[in-house]
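Values below: every heavy atom of this structure, side chains too, minus hydrogens, waters and symmetry copies. In what follows, every chain begins at residue 1, and chains take the letters A, B, ... in the order their sequences are listed.
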Amino acid sequence: MQMGVGCVALVRISATPRKGILLLDSMHPSFLLWLGFYNSMDNNLLSPNSISKSLSTTPARSGRYVKGFDKLNDAVFLFNRMIHMKPLPLLFEFNKLLGDIVKMKHYSTAISLINKLWLLRISVDAYMMNIAINCFSHLRRIDLGFAMFGCIVKCGHEPLVSTYNTLLKGLVLEDRIFEAEVLFKKLIRERICEPNEVTYGTLMNGLCKAGNTNMAIRLLAYMEEKGCKPSKEGYSTIIDGLCKDRMVDDALTLLAEMIGKRVFPNVVTYNSLIYGLCNLGRWEDAKQMLREMDIRKINPDMHTYNILMDAFCKEGMIEDAESVFCIMIEKGEQPDVVSYSALIDGYCLRGQMKEATAVFNTMIDKNIEPNIITLNSLINGHCKRSNIDEAMKLFKEIARKKLEPTVSTYSTILYGLFKVGRSKDALELFEHMQSIGLTPNFITYSVLLDGLCKNHQVDKALSLFRIIIKNGIHPNVAMYTVLIDGSCKNGKLDTAMDLFCELYSRGLHPNIVTYNAMINGFCNKGLIEEAKEVVIKMEKNGVFPNSVTYNIILQGILRWKKPKDVLSHLKEMDARGFSIDASSFYLLLHMIPAKEQDSNFADLIQKLVPNDVLKSKFQPAK
DNA sequence: ATAGGGTTAG
């Protein structure tokens, strides 16, 4: 745990006699310089004349405050006037103004203004300290927050619980949950302060974010034991964690429990539940939540509408999402970048790039700045349609818009490049993403393995697979399936069989796709009997062959010219209700000599070939 | 009086 940094020790700070008020020694021009803030910010967010700069920039994560430009301008202007008023306005006036600026998410501006007070040797109180620490947290610089904390301690002031809460929140925002836990335990063990419901709530949120909802639930029980009554925020945190873990019924139970204890849910609580229910496709239950909100006179907000729009779009129900879009406007909520992004993603998932682009243009017309997620969706849509040029155009647009590409951006582009066979470019991009400090994740690796296999670079995929495992990634069935399929299609049946065994030893279970890949491997080698044995084995394991399975075997029989097996296989397909796909039909036409096509065959084929295959000009699928 | 906890999009 870094409690303050070295440079703080060099700072001489003197306190005014009044408790809770800090005054810095005038020898130092700026606390930001002491804290190394100017030097350590790479993106120039805070250069010495940052106030004017931050006036001309909008916060990176939201386009919502573009309209707040004048408000920010006013706030900064007022602040600067207040500084020179005599007598000086009360600190709480400054704090209120700073609070407004923080609400507008102009964190570096707020820090600069506090710094200005500091420079003028105007005393700063604990509230203002909390504001500053909070701003550092949002800028992902909790190290500087701790440095500031060091200042407070240094001049002999007792930090408040809220100060610790703010520090905890900063750690949570940087995913440093372990350190947050350490700090929390230290507070209790050394009796530094009595945690309040905010302290517990912050830590519970951190635990949920780290995937440890169970521990968060235990903490909820613990705080009650200690006589600290959980607030609606505390309950909502756990409910949200449970919903994200898809344990929505447990979340609903907790909702009943909190109401039983007369802690009443608000719109945030319901938003989490609606998200969780929609995510499981429990539309009726989600509707019930909306009805309950209505009864409790809780109005849906922006998040509610966005959650619903997103859920509909993911289900391909864009028309319903558009209805929600209209309703929210009717109810006086302006759709924001999330609303538009949800719609864009919905169209992209359906491959309707014209429509997606139209929505994109609309949002730009409405002065709503697209963010990286919006662009990622569009890039994904173009990649899915194999339109890598359009995808690349947007990829370049990211830098032009001064946005930061994410790991997902790269994963998506990698997918697109592999899809059109540009594996060399993909591998270069993979190197590039790492060189700019982005760590590939599970999805990146999955895309890479799939791309390499589909582009006949199975050996590369296999050696990468070993590296991935060494790096601590736990492969799933899909990864194994990709490699098994790739191995089989490249004639490496032995490798495929080894992978198949390995998958079992990891406690994973092959699915229908895995089995089909293996069956295909045997068929490609002419080992039709072995392929059929796999079918028996998979049925024993509770995975049942599908139409693809039977067509793979049929094609194996046809390729390896075993006409005697054809009829019996077709009869089995008929018995099981499977039909002949286009590839099989193509092979049937070309490989069965005319004299073999007796009436028996003709009838069966007639029966097993669906009309759409007959009409498809008999082109093979591949 | 002013600060600090929970919700949405790839």
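Base contact: A:S408 has a heavy atom under 4.0 Å from a base atom. Residue-level contact check: A:T304 touches neither bases nor backbone, having no heavy atom under 4.0 Å from any strand. Residue contacts for A:S236: at a heavy-atom cut-off of 4.0 Å it reaches a base atom on one of the strands shown. Across all strands, A:G234 comes closer than 4.0 Å to base atoms (heavy-atom distances).
Atom pair A:E93:CD and B:dA3:C1' shows a separation of 15 Å (rounding to whole Å applied). One atom, CE of A:M328, and another, C1' of B:dT8, lie 10 Å apart when rounded to the nearest Å. Rounded to whole angstrom, the span from the CG atom of A:N134 across to the C1' atom of B:dT2 amounts to 13 Å. Between the CZ atom of A:F149 and the P atom of B:dG4 there is a distance of 18 Å, rounded to whole Å. At whole-Å resolution of the value, CG in A:L403 and P in B:dA9 are 18 Å apart. Atom P of nucleotide B:dT2 and atom CD1 of A:I131 are separated by 11 Å, given to the nearest angstrom. If you take NE2 of A:H138 and C1' of B:dA3, they are 12 Å apart, rounded to a whole angstrom. What separates CG of A:L97 from C1' of B:dA3 is a distance of 14 Å, to the nearest Å.
Listed in residue order, the members of residues 268-282 of chain A having a heavy atom less than 4.0 Å from DNA chain B are A:V268, A:T269, A:N271, A:S272, A:Y275. The stretch residues 308-320 of chain A touches DNA chain B through A:D310, A:K314, each having a heavy atom under 4.0 angstrom from the strand. Within residues 196-224 of chain A, the residues having any heavy atom closer than 4.0 Å to DNA chain B are, in order of number, A:N196, A:E197, A:V198, A:T202, A:N205, A:K209.
When distances run from any side-chain atom of A:N306 to the nucleotides B:dT8, B:dG4, B:dA3, the shortest one goes to B:dT8. When each of B:dA1, B:dA9, B:dT8 is scored by its nearest atom to the side-chain atoms of A:V337, the top-ranked nucleotide is B:dA9. Checked against B:dA3, B:dT7, B:dG4, the side chain of A:T166 finds its nearest nucleotide in B:dG4. Candidate nucleotides B:dT8, B:dG6, B:dT2 were compared by shortest atom distance to the side chain of A:I307, and B:dT8 ranks first. Nearest nucleotide to the A:L90 side chain, out of B:dT7, B:dG6, B:dA1: B:dA1. The side chain of A:I373 has B:dA9 as its nearest neighbour among B:dG4, B:dT8, B:dA9.
Distances shorter than 4.0 Å separate none of the side-chain N or O atoms of A:K232 from OP1 or OP2 on B:dG5. One finds a side-chain N or O of A:K244 lying less than 4.0 angstrom from the OP1 or OP2 phosphate oxygen of B:dT8.
A salt bridge links A:D310 and A:K314; the closest N-O separation between the charged side-chain nitrogens and carboxylate oxygens is under 4.0 Å. The pair A:E93-A:R81 fails the salt-bridge criterion, with no side-chain N (NZ, NE, NH1 or NH2) lying under 4.0 Å from an Asp/Glu carboxylate O. A salt bridge links A:K244 to A:D240: one of the charged nitrogens lies within less than 4.0 Å of a carboxylate oxygen. Electrostatic pairing of A:E174 and A:R176 counts as a salt bridge here, judged by a charged N lying under 4.0 Å from a carboxylate O.
A donor N or O paired with an acceptor N or O is not found under 3.5 Å between the base of B:dG4 and the side-chain atoms of A:S162. The base of B:dA9 sits within donor-acceptor range of the side chain of A:N371, with an N or O pair under 3.5 Å.
By the ring-ring contact (aromatic ring centres under 6.0 Å, His included) test, A:Y127 is found to be paired with no residue, residues two or more places apart in sequence or in another chain being considered.
Residue-environment remark: NZ (A:K401) exceeds the threshold of 12 foreign heavy atoms within 6.0 Å. Within a 6.0 Å radius of CD in A:E404, other residues, nucleotides and ligands contribute 12 heavy atoms or fewer. Counted within 6.0 Å of CE on A:M82, heavy atoms from surrounding residues, nucleotides or ligands total more than 12; the atom is thus considered enclosed.
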### Task
Evaluate the criterion salt bridge (Lys or Arg N to Asp or Glu O under 4.0 Å) for residue pair A:D389 and A:K393; output intermediate values, then yes/no.
CA-CA 6 Å; A:D389 293 337; A:K393 235 195 239 168; over 6 Å; no

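Judged as a salt bridge (Lys or Arg N to Asp or Glu O under 4.0 Å), the pairs with a partner in residues 246-257 of chain A (not counting sequence neighbours) are, in order, A:D249-A:R282, A:E257-A:K261. Note on residues 199-211 of chain A: pairs passing side-chain hydrogen bond (donor to acceptor under 3.5 Å, both in side chains), not counting sequence neighbours, are A:N165-A:T199, A:N196-A:T199, A:N205-A:K209.
A side-chain donor from one of A:D301 and A:T304 sits under 3.5 Å from a side-chain acceptor of the other.
Residues A:F395 and A:Y410 bring their aromatic ring centres within 6.0 Å.
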